[in-house]
4 protein chains.
Amino acid sequence: MSKAERTKQFIVEKTAPIFNKKGYAGTSLNDMIEATGLTKGSIYGNFVNKDDVALAAFDFNLKKVDAVIRQEMATVNTYREKLLVYTKVYENFYEFPFPEGGCPVLNTAIEADDTHPELKKKAADAIIYWKEKVVRMIQKGIANNEFAANTDPEQVALTIIATIEGAVMITKLTGKLNYRRAIMKSIDRLIHDL
Amino acid sequence: MSKAERTKQFIVEKTAPIFNKKGYAGTSLNDMIEATGLTKGSIYGNFVNKDDVALAAFDFNLKKVDAVIRQEMATVNTYREKLLVYTKVYENFYEFPFPEGGCPVLNTAIEADDTHPELKKKAADAIIYWKEKVVRMIQKGIANNEFAANTDPEQVALTIIATIEGAVMITKLTGKLNYRRAIMKSIDRLIHDL
Amino acid sequence: MSKAERTKQFIVEKTAPIFNKKGYAGTSLNDMIEATGLTKGSIYGNFVNKDDVALAAFDFNLKKVDAVIRQEMATVNTYREKLLVYTKVYENFYEFPFPEGGCPVLNTAIEADDTHPELKKKAADAIIYWKEKVVRMIQKGIANNEFAANTDPEQVALTIIATIEGAVMITKLTGKLNYRRAIMKSIDRLIHDL
Amino acid sequence: MSKAERTKQFIVEKTAPIFNKKGYAGTSLNDMIEATGLTKGSIYGNFVNKDDVALAAFDFNLKKVDAVIRQEMATVNTYREKLLVYTKVYENFYEFPFPEGGCPVLNTAIEADDTHPELKKKAADAIIYWKEKVVRMIQKGIANNEFAANTDPEQVALTIIATIEGAVMITKLTGKLNYRRAIMKSIDRLIHDL
DNA sequence: AATGAATGAGCATTCATTCAT
DNA sequence: GATGAATGAATGCTCATTCAT
């Protein structure tokens, strides 16, 4: 990895939590120089503009989520258990190397949808990728006789994702962990009933 | 209503959709004077600062949602039908006088949670108020023998709310109306199975 | 004149000499706040951007030249004498309220031709307006039997203007006042021979 | 020519047209690295700073003009014909290897006179050198009985130069080639009448 | 009570230049 | 000798807020 690549990586690592917490518009260049200890020139030497950093930060945060999920899924065998990984992880953010500030897809979706088409696109792609992944797992589970044959994989996948994201929002907002536990239990029930 | 009160009301009405779309940080005083046709002095004469307007705009947007829900609920009789009003309304924003920019609780929750304690508080209160309202309806439905006696009202209420908000986010992000329909169908099923 | 109009006028008056000396690109916002004693916000409250000030400053400088020329022309009677006003004025900048930094048309023409289409347009219009004015005076002089009937008014007008501007450039560059005197004498001869 | 000398020459060749079009202040280091394909380090290894390149670029552009003039003058015999070379060349830039962006003396004179003493000095020297050259040709033409004995060589030289530069400015500004033709005809007449 | 001109800190970005490698 | 990452002052511009009128 060249010096430039290391610096880019460093900038992304240090700024990704800020973008995830304060949002794109709420994160200033000054926040970025403070977080990295670098100068403005150094940031602009490695990225073409703030957008460029924000986009890379989103990717970084997303990859972090993905890595946690993948790692946890690798430890279980059935598709039902794999689906249950989602609620397990999202119910216990802090026990995993999850991005500070919560779910980057949710955070980005809400800020970017009316204001930042590029970020919106990235968030939309992430949701669709996530949904497709869940759909495939359900399909395999059906083929495997784990799940009922009449299950609608897309409907189930979207419902799981929507409910998780809603739970994340509610918990972050109210600070009530038992709210999250209750909602996650509903999802677990849904998965058990497949 | 005094002249001052009418002006305040006018400012709130005109700016509320902007705050809901662009967010608190993304809405500038200039956006506000453009939307109202008033002068800066006039806005500052009626509100102490931008925060003050934003808070009032949130209340206004929330009341708009509440009015739609109440009105629809008044047209049905059973508690099951009343619960089904939520999916009906949230699946067809545009057919109701719903706030432009989507669900104000969701929008505000995500932006404000790490940055604006006062707005966060309002959004949290709204969620809790909403949850309590659903809880009470379920309790009454149980008392009424509409719903099974072993239903956990809070868990169901939170799950419904979380899933609706997740559906709103996903639909706005991806633009796929069939995604929303699929998720809302899951919620309707959940309500039917109570 | 409203307060805003007075401030605009004040900004133009104070910055016009700077634009004429340093050019559009060479004049910074800081130069402008220093020259006016105002703040950035005040300048941007009265002009939409730096361009807007530069365009107004050009007009101001041009009007200053025009006023001097008109005033001097009013004191003489024949068209020959009127034409001789140009050399008299351009040979003695400092005795007239002429814009600091020299001829604004020349200064603007050279900077703007490859870089700033709006300013270029203004300078081009000024040159064409100037030429038309001289053409009309020559035509009237011919009609009046002051000048030879076979004079080509446009050729003469353009030659006078080109030579004056060349003289201004050479004098400013070399600092040699006798160079200017020599060139102006050639123009005067040309006018006498019409 | 050493490697270093070749690189210097290469940088000057590639940047000279940019300085002539955009001016000293308007040409950035980035313009220079783009034009040359070299790195910043490479430019700073061969020149002490931007000034240093600008000065060399001016010399390069000037030499280019001079070469064209010399070459054309070599093809004719009388001093009158030699003087007429100026109008011929300046009337048909594009048929000669003339610097892109027009006359470098004029361009530099206007930008540098109030802002850049070193460049101003170079432009002033160029004008004086040019004038001296024309003066010498006229003196020889007088000695030769080509021109009238009472001709004032310096006045004529300065007038020719001023008028040419004015014509260049007017044409570039207005885009009217017939304006240039008319002015050049006046100069040709002046030369014929010597 | 309402105006709108003025404020000045803050914004993202570009600049010419340096210097460790 | 050449590289290119880093610098930090300077750029044009927007912001929420104030206050004399």
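Chain letters run A, B, ... following the sequence lines, proteins first and then strands; every chain starts at 1. These values consider heavy atoms only, across backbone and side chains, with no hydrogens, waters or symmetry-generated copies. Keep in mind it's a predicted model, so treat the numbers as computed, not measured.
Put simply, the residue from D:Glu118, D:Lys121, D:Lys50 that forms a side chain to side chain contact (heavy atoms under 4.5 Å, CB included) with D:Leu55 is D:Glu118.
Qualifying salt bridge (charged side-chain N to carboxylate O under 4.0 Å, His left out) partners for D:Asp31, counting only residues two or more places apart in sequence or in other chains: D:Lys22. Considering only residues two or more places apart in sequence or on other chains, D:Lys122 meets the salt bridge (charged side-chain N to carboxylate O under 4.0 Å, His left out) condition with D:Asp59.
Atom CZ of B:Arg6 and atom P of E:dA1 are 15 Å apart (whole Å). Look at NE2 on C:His116: it is 13 Å from C1' on F:dG12, rounded to the nearest Å. Rounded to an integer number of Å, the gap from CD of A:Glu34 to P of E:dG10 is 12 Å. One can place CG of A:Leu29 at 14 Å from C1' of F:dT11, the figure rounded to the nearest angstrom. Rounded to whole Å, atom P of E:dG10 lies 12 Å from atom CG of A:Asp31. In this structure, A:Ile33 atom CD1 and E:dG10 atom P are separated by 12 Å, rounded to whole Å. Remark: P of F:dG1 and CD of D:Glu5 are 13 Å apart, rounded to the nearest angstrom. Following rounding to the nearest Å, C:Met32 (CE) and E:dG8 (P) show an atom-to-atom distance of 18 Å.
Counting only distance, with no hydrogens or angles, the side chain of A:Lys172 and the backbone of A:Gly101 share a donor-acceptor pair below 3.5 Å. Although no hydrogens or angles enter the test, the distance criterion places a donor-acceptor pair under 3.5 Å between the side chain of D:Glu111 and the main chain of D:Tyr24. Of the possible donor and acceptor atoms, none in the side chain of B:Lys120 sits under 3.5 Å from a partner among the backbone N and O of B:Ile110.
DNA chain E is contacted by A:Asn49, A:Lys50 of residues 47-57 of chain A, taking any non-hydrogen atom closer than 4.0 Å.
Residues C:Ala16 and C:Ala57 come closest through the heavy atom pair CA-CB, 3.7 Å. Across all non-hydrogen atoms, the minimal contact from A:Leu119 to A:Ala112 is CB-CB, 3.8 Å. Of all non-hydrogen atoms in D:Asn20 and D:Gly102, the two that sit nearest each other are ND2-O, 2.8 Å. Between D:Thr108 and D:Ala123 the shortest heavy-atom distance is CG2-CB, 4.1 Å.
The phosphate of E:dT14 has neither OP1 nor OP2 within less than 4.0 Å of any side-chain N or O from D:Asn30.
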Report all side-chain donor-acceptor pairs from residues 36-44 of chain B shorter than 3.5 Å, counting only partners two or more places apart or in another chain.
unit_1	atom_1	unit_2	atom_2	d
B:Thr36	OG1	B:Met32	O	2.8
B:Thr36	OG1	B:Ile33	O	3.4
B:Thr36	OG1	B:Leu38	N	3.1
B:Thr39	OG1	B:Ser42	N	3.2

Annotated structure of DNA chain E as dot-bracket, pair cut-off 3.5 Å, Watson-Crick or G-U only, | for inter-strand, is .||||||||||||||||||||
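Among E:dT17, E:dA12, F:dT17, the nucleotide with an atom closest to any side-chain atom of D:Tyr44 is E:dT17.
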Quick test: give all pairs of protein nitrogen or oxygen and nucleotides 5-7 of chain F nitrogen or oxygen below 3.5 Å, distance rounded to 0.1 Å.
unit_1	atom_1	unit_2	atom_2	d
F:dA6	OP1	A:Thr7	OG1	3.0
F:dA6	OP2	A:Asn46	ND2	3.1
F:dT7	OP2	A:Thr39	N	3.4
F:dT7	OP2	A:Thr39	OG1	2.9

